[in-house]
Engineer: 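Following this message is one structure expressed as structure tokens.
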2 protein chains.
Amino acid sequence: MPLTGAEKRRNARIAQVLDAAAHCFVELGFHRASMAKIAAKAKMSPGHIYHYFESKEAIIAAIVDRESARAAERFAEFDALDSTELAAVMTERAVLSIAEKTDILQSALNMEMLAECQRNPEIACIIHKHDRYVRDQLTHLIRDKIGLDLAEARTDMMMVQFSGLANRLLRNPDLDLTNMVVLMRQTMTSILSPTLCQKAK
Amino acid sequence: MPLTGAEKRRNARIAQVLDAAAHCFVELGFHRASMAKIAAKAKMSPGHIYHYFESKEAIIAAIVDRESARAAERFAEFDALDSTELAAVMTERAVLSIAEKTDILQSALNMEMLAECQRNPEIACIIHKHDRYVRDQLTHLIRDKIGLDLAEARTDMMMVQFSGLANRLLRNPDLDLTNMVVLMRQTMTSILSPTLCQKAK
DNA sequence: TTGATTTTAGAATGAACATTCTATTTGTTG
DNA sequence: CAACAAATAGAATGTTCATTCTAAAATCAA
């Protein structure tokens with residue numbers, strides 16, 4: 001069924017609030033971004049926001065959901081024939097996402113989301129849901145299409161590289177990406193290597 | 001020169017505030033932890049805290065400094081003869097630090113510190129200082145003791161594994177560490193492998 | 001002990017904030 | 001167009017908070 005005019009306007013308004021909130025959250029964090037500032041950015045009155053969201057917490061939850069969904073989307077459509085190909089694509093993706101300036105700002109929001117995740121069960125639930133979705137896709141690819149064992153562990157390890165790289169860039173802003181790419185590709189390849197060297201203790 | 005009684009008392013008081021602040025920050029985050037709550041936890045009056053810290057921001061900075069220094073300490077005393085040995089020790093360290101419950105709670109604080117790092121130059125400075133210290137130690141070991149090239153990149157890549165693992169555990173609380181250890185060791189070994197496979201595009 | 005200094009508590013202050021309330025404008029429908 | 005409903009603004013409310021102020025208690029020096 002098509003949306004009525006009123007519904008369309010309502011959705012546009014909600015998106016307007018979310019865009020404004022995302023902007024303020026990136027700049028100030030969840031708890032220093034006031035409703036007044038979000039309202040100003042969204043070009044509506046503070047009181048009016050409450051016609052679309054029950055509370056500021058609800059806005060935070062909606063932002064976490066939207067941002068997680070977007071991140072998951074960017075991950076969703078991998079399609080590789082073998083592990084070498086997947087390693088290359090994943091490396092490219094990891095380095096590319098880092099190279100964009102926007103993603104570095106986005107990182108701050110991501111970190112805040114993860115911090116919130118430890119304290120707020122509702123936020124935790126949202127984040128875990130999206131993470132599970134991404135993992136399921138990737139695990140399916142690794143296990144069923146490429147045919148490797150330990151697919152879950154390999155998936156998690158691949159994802160360690162992504163979040164680790166973002167984290168690293170915050171801690172070391174002088175990071176030299178050029179040499180990093182070589183190592184990242186080698187690492188991805190190693191994670192997807194069919195034979196794991198079981199080192200004896 | 002030994003500390004006078006007054007100085008000792010003062011230092012103890014400061015530590016008391018920092019312990020209380022750390023506790024409240026882990027539980028509530030920087031901005032929902034009020035001075036009143038920190039004071040209650042530290043068993044002193046809110047006003048009195050201002051004899052030791054100029055502002056709440058100063059307490060946050062002190063906590064970031066103290067926690068970063070502690071994390072750096074835990075990293076400082078590596079001493080390996082070859083890359084295989086280092087890979088094993090680093091893996092053990094990474095998995096061990098994750099296995100402790102305390103570190104998972106600590107992770108929330110770490111994430112919040114990194115988020116703050118993007119917005120507050122003073123915090124950024126503190127975090128980058130400690131990160132540089134750890135990197136210098138590890139790079140020295142890899143380049144001068146073990147004798148590998150691309151030491152800085154390898155160092156950063158090792159550290160990607162640590163922060164990535166902490167990050168991953170927040171997003172996927174069901175992570176299976178048993179299989180992960182195998183992959184982590186293989187990854188560390190691969191990063192420290194003398195010959196890097198330069199994949200052609 | 002006495003006077004001076006430091007340490008401490010707790011109330012007072014003023015600002016910022018999330019949320020609610022009231023009224024006005026805008027759009028819709030008969 | 002008239003009546004109604006939805007959308008919107010902006011002021012009002014009550015709370016929470018960081019910080020400051022005031023004075024009491026503890027410590028120390030003589």
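Side chains included, hydrogens not; waters and symmetry mates left out as well; all remaining heavy atoms used.
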Engineer: How close or far is atom C1' of D/dA7 from atom CG of A/N11, stated in whole angstroms?
Structural biologist: 15 Å
Engineer: Distance check, rounded to the nearest 0.5 Å: A/R132 atom CZ versus A/Q137 atom CD?
Structural biologist: 13.5 Å
Engineer: Look at A/R32 together with A/E27 and state whether they make a salt bridge at an N to O cut-off of under 4.0 Å.
Structural biologist: no
Engineer: For a quick check of understanding: with a heavy-atom distance under 4.0 Å over all strands, which category does B/A58 fall into, base, sugar-phosphate or nothing?
Structural biologist: nothing
Engineer: Could you please spell out the steps behind the salt bridge (Lys or Arg N to Asp or Glu O under 4.0 Å) verdict for B/E85 and B/K145?
Structural biologist: CA-CA 12 Å; B/E85 202 183 354; B/K145 297 245 181 80; over 6 Å; no
Engineer: Run the ring-centre check on B/F75 versus B/F162 and record whether the distance is less than 6.0 Å.
Structural biologist: yes
Engineer: First locate atom CE of B/M188, then atom OG of B/S83, and finally report the distance between them rounded to the nearest 0.5 Å.
Structural biologist: 13.0 Å
Engineer: Indicate, with a heavy-atom threshold strictly under 4.0 Å, whether A/A39 touches base, sugar-phosphate, or nothing.
Structural biologist: nothing
Engineer: Hey, what are the protein-to-nucleotides 23-27 of chain D N/O distances that come in under 3.5 Å?
Structural biologist:
none

Engineer: Please identify each residue that fulfils side chain to side chain contact (heavy atoms under 4.5 Å, CB included) with B/D149, with sequence neighbours left out.
Structural biologist: B/R154
Engineer: Given atom NZ of B/K8 and atom P of D/dC28, what is their separation to the nearest angstrom?
Structural biologist: 12 Å
Engineer: Report for the helix from C/dT1-D/dA30 to C/dG30-D/dC1: angle between first-end and last-end helix axes, five pairs each, rounded to 10 degrees.
Structural biologist: 10°
Engineer: May I have the distance from A/R32 (atom CZ) to D/dC17 (atom C1'), rounded to whole angstrom?
Structural biologist: 14 Å
Engineer: Check B/E77 with B/R93, please: is the shortest side-chain N to carboxylate O separation under 4.0 Å?
Structural biologist: yes
Engineer: Mind listing the residues from residues 45-57 of chain B sitting with a heavy atom below 4.0 Å of DNA chain D? Number order is fine.
Structural biologist: B/G47, B/Y50, B/S55, B/K56
Engineer: Any side-chain to backbone donor/acceptor pair from A/K37 onto A/L28? Under 3.5 Å, distance only.
Structural biologist: no
Engineer: Report, as yes or no, whether the 6.0 Å neighbourhood of atom CD on B/E92 holds more than 12 heavy atoms from other residues, nucleotides or ligands.
Structural biologist: no
Engineer: Using whole Å, what does the distance between atom C1' of nucleotide D/dT16 and atom NZ of B/K37 come to?
Structural biologist: 9 Å
Engineer: Can you give the first and last nucleotides of DNA chain C, 5' to 3', that have an atom under 4.0 Å from a heavy atom of chain A?
Structural biologist: C/dC17 to C/dT20
Engineer: Assess whether a salt bridge exists between B/R70 and B/D65, defined as any Lys/Arg side-chain N lying under 4.0 Å from an Asp/Glu carboxylate O.
Structural biologist: no
Engineer: On a heavy-atom basis, which atom in B/A80 and which in B/I146 lie closest, and how many Å separate them?
Structural biologist: O-CG1, 4.3 Å
Engineer: Please confirm whether the backbone N or O of A/D136 pairs with a side-chain atom of A/T139, one donor and one acceptor, at under 3.5 Å?
Structural biologist: no
Engineer: Mind checking what makes side-chain hydrogen bond (donor to acceptor under 3.5 Å, both in side chains) contact with A/E73, not counting sequence neighbours?
Structural biologist: none
